[in-house]
Novice: 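Structure incoming, see below.
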Amino acid sequence: FSKVDLLIVGAGFYGATIAERVANELQKNVLLIDRRSHIGGNAYSEFDGETGIEVHRYGAHLFHTPNEVVWTYLNRFTAFTDYKHRVYSTYRDQVYSMPINLGTISQFFNQRLSPADAKALIAEQAAEMAGRHPANLEEKAISLIGRPLYEAFIRGYTAKQWQTDPRDLPEHIITRLPVRYTFDNRYFNDRYEGLPVDGYTAIFERMLKHPKIQIALGVDFFSLKSSLPAGLPIVYTGPIDRYFDYSEGELGWRTIDFEKETLSTGDFQGTAVMNYADETIPYTRILEFRHFNPERSYQNEKTVVVREYSRSAKRADEPYYPIDTRQDKDVFLRYRERAEAEANVHFGGRLGTYRYLDMHQAIGAALKAFDSRIAPHFTEGRAIG
Ligand code: FDA
């Protein structure tokens with residue numbers, strides 16, 4: 001470690017952005033480690049050997065951002081396709097477009113509705129909750145979109161996501177349910193959207209290709225922590241509760257089990273993401289990866305699909321979405337206090353801050369942290385943590 005100026009734990013977007021900035025802007029030596037066998041964190045993707053289709057190993061990753069700084073930064077390492085994400089949902093053998101929009105509402109109620117008609121209809125259906133404070137997720141959803149749409153598109157899907165009856169889930173899990181009173185069925189509203197032309201992993205390869213960045217894969221931080229020189233500055237993007245050996249308690253996460261299958265057909269479902277709203281179907285959605293890149297040509301009539309099953313994570317599982325109950329919030333605050341006392345460690349990224357972050361938010365947060373904490377540490381001798 002004698003030549004290492006900064007140790008970064010985790011080669012996802014947060015760690016990779018800091019590594020790139022420190023090497024290029026400050027010419028400092030970075031050691032970037034990850035316990036996985038690849039760079040990219042959860043945004044990692046690989047080209048399937050049999051079909052040549054790019055598969056996102058940790059679930060569908062769609063890049064979108066309203067943030068021009070992040071967009072300009074990332075465009076230094078990749079060009080983007082003009083892919084625009086759209087999601088469909090199967091319910092009782094019919095297919096509807098998501099998020100709920102005028103097309104969904106007209107189809108569901110089997111009526112031609114103007115935007116004003118649709119608004120009035122939903123308001124009338126939501127009125128059953130008027131004057132009452134919602135006591136659980138179900139009541140909250142009904143107060144937002146009325147019972148019929150809730151029962152079709154939210155109830156079964158949510159029950160599968162949480163493995164819990166929505167009447168037993170707290171109302172604060174949802175603050176809003178987007179309903180569009182237009183036929184616009186683009187999933188994201190952001191100004192910038194697209195998928196990386198050469199795939200996600202190529203972005204990381206380009207970000208990290210620098211003589212001052214050394215990468216060590218298959219290395220767990222906790223197996224080398226005790227041998228680190230005292231005071232070595234560290235950027236830690238692993239789980240914050242693990243860092244403190246779970247001493248304040250374990251933070252709750254949901255995970256996803258992915259069931260991958262290669263099928264002998266050129267097209268299985270005609271779109272990239274199909275949700276399944278019925279509770280009788282055990283998976284929440286099916287991804288078909290070739291549809292993310294319609295601009296690519298494939299050699300054979302085969303397709304790769306992945307079914308997703310959602311459940312709460314145990315310690316050995318991949319943590320994906322923070323559950324963030326009130327108890328989790330209290331536990332996290334205790335860890336955050338302890339993290340603030342670690343002068344040589346900067347905690348970042350979605351695992352280090354116990355927050356769901358989209359990719360652009362992870363990159364944006366890393367760029368900000370570089371300016372406010374990491375660079376001042378090297379240029380002015382300030383604490384990194
Ligand atoms: P990330 O998890 O990527 O990286 C952390 C790294 O730290 C991991 O590689 C891990 O192995 C490593 N690590 C942890 N502990 C360690 C230890 N002890 N020693 C060494 N290494 C250790 N975003 C978006 O914009 N659009 C999308 O469509 C999606 N879709 C999506 C689907 C699913 C299922 C999930 C879970 C997430 C998304 N995301 C997303 C979010 C996206 O994955 C997220 O923004 C980035 O992964 C955040 O990057 P980080 O670097 O913070 O974490």
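Each ligand, and each atom within it, is numbered from 1 in the order the structure gives. FYI, side chains are in, hydrogens and waters are out, and symmetry mates aren't considered; it's all heavy atoms of this structure. Remember, it's a predicted structure, so these values are computed and weren't measured experimentally.
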Novice: Pick, from N42, I363, V219, L357, the option with the minimum heavy-atom distance to atom 41 (C) of ligand 1.
Specialist: L357

Novice: For atom 8 (C) of ligand 1, what's the nearest protein heavy atom and its distance?
Specialist: D34 OD2, 3.5 Å

Novice: Name the closest protein heavy atom to atom 14 (C) of ligand 1, giving the residue it belongs to and the distance to 0.1 Å.
Specialist: G238 CA, 3.6 Å

Novice: When you measure from atom 36 (C) of ligand 1 to every protein heavy atom, which one gives the shortest distance, and what is it?
Specialist: Y320 CD2, 3.3 Å

Novice: Got a donor-acceptor contact below 3.5 angstrom from the D328 side chain to the T325 backbone?
Specialist: yes

Novice: Check if Y321 has a non-hydrogen atom at a distance under 4.0 Å from any atom of ligand 1.
Specialist: yes

Novice: Report the residues that fulfil salt bridge (Lys or Arg N to Asp or Glu O under 4.0 Å) with D317, sequence neighbours left out, ordered by chain and then residue number.
Specialist: R311

Novice: What's the shortest distance from atom 7 (O) of ligand 1 to any protein heavy atom, and which residue and atom give it?
Specialist: G10 CA, 3.2 Å

Novice: Just checking, R296 and F47: is the charged tip under 6.0 Å from the six-membered ring centre and within 45° of the axis?
Specialist: no

Novice: In terms of residue, atom name and distance, what is the protein heavy atom nearest to atom 40 (C) of ligand 1?
Specialist: Y356 OH, 3.2 Å

Novice: Do you know which of Y243, F332, Y354 makes ring-ring contact (aromatic ring centres under 6.0 Å, His included) with F347?
Specialist: Y243

Novice: Give a yes or no on whether the backbone of L217 and the side-chain of D34 come within a donor-acceptor separation of less than 3.5 Å.
Specialist: no

Novice: Should one rank H61, R254, R57 by closest heavy-atom distance to atom 38 (C) of ligand 1, which comes out on top?
Specialist: H61

